[in-house]
Amino acid sequence: MKSTIASILSSPNLHQDYNVYGWVKAFRSNRFIALNDGSTIKNLQCVVDFENFDKSLLDQITIGSAIKIFGVLKESEGKGQSVEIEVSKVEVLGLADTDEVKKTILQPKRHSLEKLREQAHLRVRTNTFGAIMRIRAKLSYAVHDYFNSNGFFYVNTPIITGSDAEGAGEMFKVTNLNLKDTPKTTSGDINFKEDFFGKETNLTVSGQLEAETYALGLGNVYTFGPTFRAENSNTSRHLAEFWMIEPEMAFCDLDGNMDLAEDFIKHVLSYITEHCQDDLEFLEQRLLQEEKSKPEKDRSPMPLREKLDFVINNQFKRVSYTEAIDILKNSKPNKKKKFDYVIEEWGADLQSEHERFLVEKHFKCPVILFDYPAKIKAFYMRLNDDQKTVRAMDILFPGIGEIVGGSQREERFDVLKSKMEELNVDQDELWWYLETRKFGTCVHSGFGLGFERLVLFATGMGNIRDVIPYPRTPQNADF
RNA sequence: UCCUCCUUAGCUCAGUUGGUUAGAGCAUCUGACUGUUAAUCAGAGGGUCCAAAGUUCGAGUCUUUGAGGAGGAGCCA
């Protein structure tokens with residue numbers, strides 16, 4: 001029977017025969033094969049007595065090759081591992097030619113993350129990316145686990161959307177018209193009536209509006225799917241294609257929304273600290289190594305696992321926009337005009353530098369900002385009684401910035417309608433969204449959480465392109 | 001989209017004021033090695049200096065344009 005290395009190492013049966021499949025990470029001293037099968041970051045040491053094997057066979061045990069090993073599990077004579085396989089049979093399943101391997105990142109040495117990105121099809125074989133992708137998968141499981149055990153239903157909102165009124169950013173067009181010869185209307189515009197859906201369609205920028213309608217029937221729902229933004233943004237925190245988690249809750253106000261978001265984040269992070277210890281330890285060491293070459297002020301104040309525990313065990317700081325403005329106005333960098341954008345008065349949109357100051361310098365913990373000025377937020381957010389703020393909230397994380405954006409939704413038909421008029425949101429397009437406010441409308445709330453930003457935080461990585469298998473960014477859709 | 005920086009061997013990088021045959025470490029190959037852990041030791045091979053144009057007696061080095069990448073800003077998750 002076939003065994004994974006993870007299962008062998010977690011419950012080793014000494015003197016038992018094992019069949020193991022994997023890829024050669026190293027072949028030292030013509031005797032020790034370090035074998036990895038992806039099930040864990042740990043390698044299995046396989047010892048061959050080379051006098052009993054053909055040289056031609058041993059020559060094929062090269063770095064990167066896929067092999068099958070049969071042998072008995074024994075206590076290791078060497079240090080560095082507790083058990084090892086004494087190999088009685090080796091089969092080379094897929095040879096990796098050393099001449100070819102040396103041109104790739106499979107060669108056993110350190111590579112820059114940029115170089116690994118150029119060979120994204122091979123980078124999962126490295127310790128770093130193996131660890132990241134296992135953690136990503138476990139986080140994803142924890143997301144579903146959390147919602148399922150808290151009575152949420154998973155809904156699949158459409159990926160192709162007919163409305164361009166969601167207002168969350170530039171959209172990718174979806175069409176099967178012949179782009180070299182598009183049908184025209186009498187006025188010369190493209191005639192989308194002849195397109196596949198008979199109208200202009202795009203890839204979704206958010207499942208929120210559809211999720212809202214489902215919350216108003218199923219109670220608590222969430223989405224977890226791909227999301228597309230055609231923004232020309234070229235930063236370490238943006239992707240054109242990313243995965244977003246959007247819970248939506250009926251009969252829930254902003255306080256309940258914040259409670260849930262905080263509890264949710266803590267749950268999924270604590271799940272991986274329990275279930276991904278080896279991978280987290282590796283990433284923590286890698287980070288410490290990397291930071292040695294940085295000036296002290298750029299180093300993170302805590303090692304990775306301590307940072308995760310800190311977030312799990314401490315309350316997020318909840319601060320209203322108005323309080324935040326006061327703090328910023330009276331802050332040293334503002335008084336000394338160190339900010340590129342000096343905060344003058346209430347109503348200003350917070351820049352990255354302000355958010356970073358609040359999270360990394362002032363509070364030194366995750367911060368939830370709420371009750372933003374209505375003018376700088378979206379049409380669907382619930383207007384407060386002061387008539388100038390809305391029940392919006394953003395969760396800001398150190399090093400990542402905004403990880404969650406959410407709000408209590410405007411449930412009052414008249415208020416929503418006039419807000420849409422005011423902000424020029426197409427009511428004909430969103431008739432169905434407005435209509436939910438006519439039939440048993442209720443207080444409801446939700447948020448969007450960028451999954452990759454969560455993985456970024458959980459793994460301590462610095463660039464969002466390194467926490468998704470094949471990143472899509474402006475000018476890049478390789479692989 | 002804007003600002004800054006980078007592009008030299010398979011990889012990471014050095015290359016002085018513009019000067020003769022462009023260097024190092026790792027990786028690869030060959031040999032040695034029966035307890036290695038990024039194995040070690042000896043030897044060998046390996047270059048369109050991102051591309052094009054220009055300045056110059058002479059360009060890896062200077063200028064212009066272009067391509068690709070990184071960091072930051074904006075937009076946001």
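This is a predicted model, so every value here is computed, not measured. Residue numbers start from 1 in every chain, and the chains themselves are labelled A, B, ... in the order their sequence lines are given, proteins ahead of strands.
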Worksheet item: Taking a pair as Watson-Crick or G-U wobble with both distances under 3.5 Å, which nucleotide is matched to B/G19?
Response: B/C57
Worksheet, complete the sentence: Whole-Å distance, A/Leu58 CG to B/U36 P, equals 19 Å
Worksheet item: Can you say whether the rings of A/Phe147 and A/Phe264 are parallel (under 30°), tilted (30 to 60°) or perpendicular (over 60°)?
Response: parallel
Worksheet item: Is a donor-acceptor contact shorter than 3.5 angstrom present between the side chain of A/Arg31 and the base of B/U36?
Response: no
Worksheet item: Got a donor-acceptor pair under 3.5 Å from the side chain of A/Arg229 to the base of B/A77?
Response: yes
Discussion item. Can you say whether a donor on the side chain of A/Gln475 sits under 3.5 Å from an acceptor on the base of B/G69, or the other way round?
Written reply: no
Worksheet item: A/His111 has an atom NE2; how far is it from atom P of B/A9, in whole Å?
Response: 15 Å
Fill in: Any strand: nucleotide that pairs with B/G71 via Watson-Crick or wobble, under 3.5 Å
B/C3
Worksheet item: Heavy atoms, side chains only, cut-off 4.5 Å: are A/Asp263 and A/Leu260 in contact?
Response: no
Discussion item. Base of B/U36, side chain of A/Gln81 - is there a donor-acceptor contact under 3.5 Å?
Written reply: yes
Practice prompt. Using the six-membered ring for Trp and the full ring for Phe, Tyr or His, decide whether A/Phe242 stacks on the six-membered base ring of B/A77 (centres under 5.5 Å, planes under 30°).
Written response: yes
Worksheet item: Considering only the C1' atoms, how many Å lie between B/C62 and B/G68, rounded to the nearest integer?
Response: 23 Å
Worksheet item: Do the side-chain N or O atoms of A/Ser29 get closer than 4.0 angstrom to the phosphate oxygens (OP1, OP2) of B/C33?
Response: no
Discussion item. Could you check whether A/Thr157 and A/Glu210, counting side-chain N and O atoms only, form a donor-acceptor pair closer than 3.5 Å?
Written reply: no
Discussion item. For a quick check, tell me whether the side chain of A/Arg453 and the base of B/C76 share a donor-acceptor pair closer than 3.5 Å.
Written reply: yes
Worksheet entry | Side-chain N or O of A/Arg28 closer than 4.0 Å to phosphate OP1/OP2 of B/U36 | no
Item to complete: With the side chain counted from C-beta on, respond yes when A/Ile85 and A/Leu44 share a heavy-atom pair under 4.5 Å apart, and no when they do not.
Response: yes
Fill in: For atom CZ of A/Arg117 and atom C1' of B/G68, their distance in whole Å
13 Å
Discussion item. Could you tell me how far B/C3 sits from B/G46 if I compare only their P atoms? Round to whole Å.
Written reply: 44 Å
Fill in: P spacing across the pair B/C50 / B/C41, given as an integer number of angstrom
32 Å
Worksheet item: When only distance counts, do a donor and an acceptor, one from the side chain of A/Asp49 and one from the base of B/U34, lie under 3.5 Å apart?
Response: yes
Worksheet item: If we call it a pair only when both distances are under 3.5 Å in a Watson-Crick or G-U wobble match, what pairs with B/C50?
Response: B/G66
Item to complete: Take atom C1' in B/U16 and the same atom in B/A59, then report the distance between them in whole Å.
Response: 15 Å
Practice prompt. Measure from CG on A/Asn234 to P on B/U4 and round the result to the nearest Å.
Written response: 16 Å
Worksheet item: Who is the Watson-Crick or G-U wobble partner of B/U36, with both distances under 3.5 Å?
Response: none
Worksheet item: Which of the following nucleotides, B/G74, B/A70, B/G72, is nearest to the side chain of A/Asn463?
Response: B/A70
Item to complete: Please state whether the phosphate of B/U28, meaning OP1 or OP2, lies under 4.0 angstrom from any side-chain nitrogen or oxygen of A/Gln107.
Response: no
Worksheet item: Is there a donor and acceptor pair closer than 3.5 Å between the side chain of A/His238 and the base of B/C76?
Response: yes
